[in-house]
A.B. asks: 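Take a look at this one; I'll ask things after.
In listed order, ligands and their atoms are each counted from 1. Computation of the quantities below employed the complete heavy-atom set of this structure, encompassing side-chain atoms and omitting hydrogens, waters and symmetry-equivalent molecules.
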Amino acid sequence: MKVAQVPSAGADFQIVEREIPTPDAGQVRIKVQACGVCHSDVLTKDGFPGIQYPRVPGHEVVGIIDEVGAGVSEWTMGQRAGVGWHGGHDGTCTSCRRGDFGNCVNMKIAGISYDGGYQQYMVAPIEALVAIPESLSDVDAAPLLCAGITTFNALRHSGAFPGDLVAVQGIGGLGHLGIQFANKSGYKVAAIGRGPENAALATQLGASVYIDSKATNAAEELQKLGGAKVILATAPSSRAMSELIDGLGPNGKLLVVGADVAPIEVTPIQLIFGSRTIQGWASGTPIDAEDTLRFAELTGVRAMIETYPLEKAAEAYARMLSGDAQFRVVMTM
Ligand SMILES: [Zn+2]
Ligand SMILES: [Zn+2]
């Protein structure tokens with residue numbers, strides 16, 4: 001089979017031939033049909049604590065189960081299945097015993113803990129599997145398994161009610177999905193972008209207001225609308241996020257999904273008056289992914305995608321990294 005692997009931290013992609021792997025007990029093998037290229041793949045490409053190389057990235061995987069390991073009864077050969085960021089959990093740690101699998105201390109991540117979807121066949125543990133509905137194509141489903149679930153799951157747990165003002169900061173891979181999910185969830189959506197370029201697109205995706213944070217003070221603009229109940233911060237810029245905190249209404253929440261390493265700046269006063277909060281959100285479990293897919297199926301939410309063949313993994317990855325992709329890059333096998 002053909003595999004796009006990272007030979008060592010920071011090294012260029014290699015396209016190599018490997019033996020097709022065999023699933024162990026509690027695992028299945030997926031014949032990969034599509035795999036999204038996510039910004040978090042930089043962790044595989046550039047290095048992550050404990051990662052072993054060579055490693056195959058990819059955690060937006062959709063395919064067909066073509067082999068099941070011993071003891072697997074819930075999944076069958078020929079069934080469509082996917083794997084997202086949540087690549088497995090131990091079921092025994094304190095978090096798992098509370099049913100909080102997403103915070104498992106031994107959580108596995110597809111494409112980091114084991115080889116992911118940048119290959120023609122991958123092996124995954126059954127607790128990582130996501131059933132794919134018939135009506136969604138492979139390339140449509142793939143980006144919903146990380147970018148989609150992250151924005152949908154964050155929003156549905158945000159505490160915002162239908163009719164509330166929800167701002168989506170950043171109109172990119174995450175943000176263009178966040179706007180759609182927020183709109184279809186019944187929120188009044190304010191999209192916040194830098195520059196006028198994405199105004200028409202934001203409206204088309206379901207925003208009722210577009211705020212150009214280069215031309216205006218976005219926090220003030222949000223206050224003119226009554227203040228945001230939730231600001232879903234998708235663009236990985238702590239500075240941009242910090243500038244928006246004053247745009248939160250009473251009991252408003254800055255919900256952080258864009259991963260920057262710089263600190264967010266906020267004063268206690270900004271949080272105390274108005275009882276504002278800042279919360280981070282990471283993805284979700286496979287059943288959350290299935291909820292995401294069902295919601296997308298019901299409402300027509302889809303990622304805008306650019307596709308590349310697996311052989312062009314390096315090009316696909318570079319395209320994602322450039323920030324110029326409109327908006328998710330998906331590889332087909
Ligand atoms: Zn991802
Ligand atoms: Zn656990």
Side-chain angles (χ1 to χ4, degrees), residues 4 6 26 32 34-48 50-51 55-62 82-118 122 124-128 130 139-154 170 172-178 181 232-236 256-261 280-289 292-293 296 303-306 308 313 316-317 319-321 323 325 327-331:
V6 179
V32 181
C35 182
V37 178
C38 180
H39 193 269
S40 301
D41 293 341
V42 297
L43 301 175
T44 310
K45 181 74 167 52
D46 293 347
F48 189 75
I51 193 168
R55 186 53 85 218
V56 180
H59 58 267
E60 291 185 345
V61 192
V62 174
V83 178
W85 178 258
H86 186 101
H89 51 265
D90 60 12
T92 57
C93 75
T94 305
S95 289
C96 284
R97 290 174 63 207
R98 293 188 191 282
D100 186 9
F101 304 117
N103 285 315
C104 176
V105 291
N106 293 309
M107 192 186 130
K108 291 195 173 83
I109 301 166
I112 292 179
S113 314
Y114 54 87
D115 287 338
Y118 286 29
M122 82 171 270
I126 52 170
E127 76 268 16
V130 178
V139 290
D140 278 343
L144 296 176
L145 297 182
C146 183
I149 184 180
T150 298
T151 48
F152 171 72
N153 211 24
L174 288 169
H176 89 291
L177 283 164
F181 281 125
L232 182 69
T234 74
V256 179
V257 295
D260 192 356
V261 292
W281 192 273
S283 189
T285 60
I287 198 71
D288 294 319
T292 306
L293 295 174
M304 293 167 65
I305 52 179
E306 296 180 3
Y308 286 80
Y317 178 84
R319 178 70 177 160
M320 174 281 298
L321 214 53
F327 283 94
R328 297 298 289 187
V329 174
V330 178
M331 286 192 295

A.B. asks: Suppose the cut-off is 2.8 Å; which protein N/O/S atoms would you list for the Zn ion (ligand 2)?
C.D. replies: Asp90 OD1, Cys93 SG, Cys96 SG, Cys104 SG
A.B. asks: Once rounded to the nearest 0.5 Å, what's the spacing between atom CD1 of Ile305 and atom CG of Asp140?
C.D. replies: 5.0 Å
A.B. asks: If you round to the nearest 0.5 Å, how far is CG of Asp46 from CD1 of Ile51?
C.D. replies: 10.0 Å
A.B. asks: Going from CZ on Phe152 to CG on Leu144, what distance comes out if it is rounded to the nearest 0.5 angstrom?
C.D. replies: 10.5 Å
A.B. asks: Once rounded to the nearest 0.5 Å, what's the spacing between atom SG of Cys96 and atom CG of Asn106?
C.D. replies: 8.0 Å
A.B. asks: With a cut-off of 2.8 Å, which protein N/O/S atoms are close to the Zn ion (ligand 1), if we only count those under it?
C.D. replies: Cys38 SG, His59 NE2, Cys146 SG
A.B. asks: Applying side-chain hydrogen bond (donor to acceptor under 3.5 Å, both in side chains), can you list everything that pairs with His39, at least two apart in sequence or on another chain?
C.D. replies: none
A.B. asks: Which of parallel (below 30°), tilted (30 to 60°) and perpendicular (above 60°) describes Phe101 and His89?
C.D. replies: parallel
A.B. asks: What is the distance from atom NE2 of His59 to atom NE2 of His86, rounded to the nearest 0.5 Å?
C.D. replies: 13.5 Å
A.B. asks: Could you pull out all residues at least two apart from His176 that satisfy side-chain hydrogen bond (donor to acceptor under 3.5 Å, both in side chains)?
C.D. replies: none
A.B. asks: Check the side chains of Thr44 and Asp41 for a donor-acceptor pair under 3.5 angstrom, ignoring hydrogens and angles.
C.D. replies: no
